[in-house]
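Just so it is clear, the model here is predicted, and its values are computed rather than measured. Both counts, for ligands and for their atoms, begin at 1 and track the order of listing.
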Amino acid sequence: MVMTDNIKLKYFIETWGCQMNEEDSEKLSGMLKNIGYTRTDDINEASIILFNTCCVRENAENKVYGNLGMLKKVKEKNPDLIIGICGCMMQQKGMADNILKRFPYVDIIFGTHNSYKFPEYLNRVKTEGVQVKEIFDKETQIVEGIPVDRESSVKGFVTIMYGCNNFCTYCVVPYVRGRERSRKPEEIENEIKDLVSKGYKEVTLLGQNVNSYGKGLEEDINFAGLLRRINKIEGIERVRFMTSHPKDLTEEVIMAVKECDKLCEQIHLPVQSGSDRVLKVMNRHYDRARYMSLINKIKKEIPDCTITTDIIVGFPGETDEDFEDTLSLVKEVGYDSAFTFIYSRRNNTPADEMEDQVADDVKHERFNRLVAAVNDSVIRGNKVYEGKTVEVLVEGPSKNDETKLMGRTRNGKLVNFQGDISLVGKLVNVKINRAQPFSLIGEVI
Ligand code: 5AD
Ligand code: SF4
């Protein structure tokens, strides 16, 4: 009997998409743990299966459909299984009904704005045996105090603002995440202090555009001000943030990174394209010259700052010449890493209506060339570390080789090295012996 109860109390959660979604899943997980469930990574032993979805690109959606399809047989065998689906995809018009039509065995559907109500929905399904579908069209006030079950015990995400006001013409995020809302600085500070008390050493501040932090708050504070306040919190060793929109990255923020000892030397600055013409149609509000002046400012003020980015190829109307501009920008900046994407048409976005869509084979060919250019830049950036000694925050066993440890440098480089598991959570000095394309190999000194 006890055994059966234990089995019933397990949940499985799968997350697609960005860090924001990962953080939401940590909250969903926290709420489930709060009401007595334990997490399992084995979908077959779960009594609740929850999919937290992403809709930024079409392939993220297709993965969700595939996974939901596979659950049909599982649900037939085990009618008590509760299947929930949430996240950005559910915020799209008509999507929830479409899901219910195709996968009628789904029990709970909710969106990004009402995920805090998940325990209530779960309770209704369990006690009333009903199917629950609730999506809020609009963002609500920020709900504080939701328990968070973090993946790591060394580093954690802390959301500082929700939503986006930018409406880049390719992007669905503003439609599914609503308008920008900032958390109060004291809420953010308290969350970080709580993390410190639990032994956390590093936080990454999250927002779609952290640089517009503070708008609409009673208190007069901007992102640079928030960074300086967080830097004063005792016990936290490292602070990172993402994402910065180039149009809003100020000199004040760059100087805060330079001057504050806890702020890590790493800036994620999505460029999307190297062509002024494409940037304009994307509605990005900066041109290549402005972007390069930011890069040069960062390099001048913070010499060992890593710079990472997001790039889209095959945006409507992108010509060979536009694409060459992107390649030349990648070379000029010398990125330490880049997320590269093939443009994906998204319903109800302006770019989807544009007539000059780029053919698939052209997109793929450009994508491959872009990946090669990025890899070249990453390898070159990593080589610089050979022979150097770096400070590494040890995060845990290495992903590919459990006998080794992995951690990151202040500026975000992944380092693998031999060491005892008791080093997890500690800062150690590692001498880099070899640079690989996606990691550095070294030894503790
Ligand atoms: N197609 C391809 N990539 C996209 N992104 C956002 N929308 C799309 C789209 N429709 C990328 C952008 C953004 C990152 C999170 O996802 O590069 O910065
Ligand atoms: Fe999407 Fe642009 Fe907002 Fe980023 S800034 S979330 S790309 S609309």
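Taking a cut-off of under 4.0 Å to the non-hydrogen atoms of Tyr343, the atoms of ligand 1 that pass are 1 (N), 2 (C). Applying the 4.0 Å criterion to heavy atoms of Gln272 picks out, from ligand 1, the atoms 12 (C), 13 (C), 17 (O), 18 (O). Atoms of ligand 1 found under 4.0 Å from any heavy atom of Arg57, numbered from 1 in the order shown, are 1 (N), 2 (C), 3 (N), 4 (C), 5 (N), 11 (C), 16 (O). Of all atoms in ligand 1, numbered sequentially from 1 with element shown, those under 4.0 Å from a heavy atom of Ile342 are 1 (N), 2 (C). Atoms of ligand 1 found under 4.0 Å from any heavy atom of Ile312, numbered from 1 in the order shown, are 3 (N), 4 (C), 5 (N), 12 (C), 17 (O).
Only the side chain of Pro174 comes within 4.0 Å of ligand 2, counting heavy atoms alone; its backbone N, CA, C and O stay farther away. Residue Arg345 does not touch ligand 1, judged by heavy-atom distances below 4.0 Å. Residue contacts with ligand 1 for Phe341 involve side-chain atoms from C-beta outward but no N, CA, C or O (heavy atoms, distance under 4.0 Å). No part of Arg177 comes within 4.0 Å of ligand 2, judged by heavy-atom distances. Under 4.0 angstrom from ligand 2, the non-hydrogen atoms of Cys164 all belong to its side chain. Residue Tyr170 touches ligand 2 through its side chain alone, judged by heavy-atom distances below 4.0 Å.
With Asn283 contributing its side chain and Phe167 its backbone, the two residues share a donor-acceptor pair below 3.5 Å. The closest donor-acceptor contact from the side chain of Asn114 to the backbone of Lys117 lies at 3.5 Å or more, if one exists at all. Between the Arg181 side chain and the Met161 main chain, no donor and acceptor come within less than 3.5 Å of each other. In this structure a side-chain-to-backbone donor-acceptor pair under 3.5 Å is present from Thr53 to Cys86.
Looking at atom 15 (C) of ligand 1, its nearest protein heavy atom turns out to be Asp310 OD2, 3.7 Å. Among all protein heavy atoms, the one lying closest to atom 7 (N) of ligand 1 is Tyr170 CD1, 3.3 Å.
Just one residue in the list Thr309, Thr204, Asp310 forms a side-chain hydrogen bond (donor to acceptor under 3.5 Å, both in side chains) with His268, and that residue is Asp310.
Between the side chains of Lys215 and Asn222, no donor-acceptor pair is found at a separation under 3.5 Å.
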Could you walk me through whether Leu205 and Leu227 pass the side-chain contact (heavy atoms from CB on, under 4.5 Å) check?
CA-CA 9 Å; Leu205 311 175; Leu227 287 175; 3.8 Å; yes
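Taking any N or O of Arg346, backbone or side chain, none lies under 3.5 Å from an N or O belonging to ligand 1.
Atom 2 (Fe) of ligand 2 is approached by the protein to below 4.0 angstrom, counting heavy atoms only.
Phe223 and Phe241 have their aromatic ring centers within a separation under 6.0 angstrom. Aromatic rings from Phe110 and Phe118 are positioned such that their centres are separated by under 6.0 Å.
Within the structure, ligand 2 has Arg284 among the residues with a heavy atom less than 4.0 angstrom away.
For Asp356, the CG atom is densely surrounded, since the number of other residues' heavy atoms within 6.0 Å is greater than 12.
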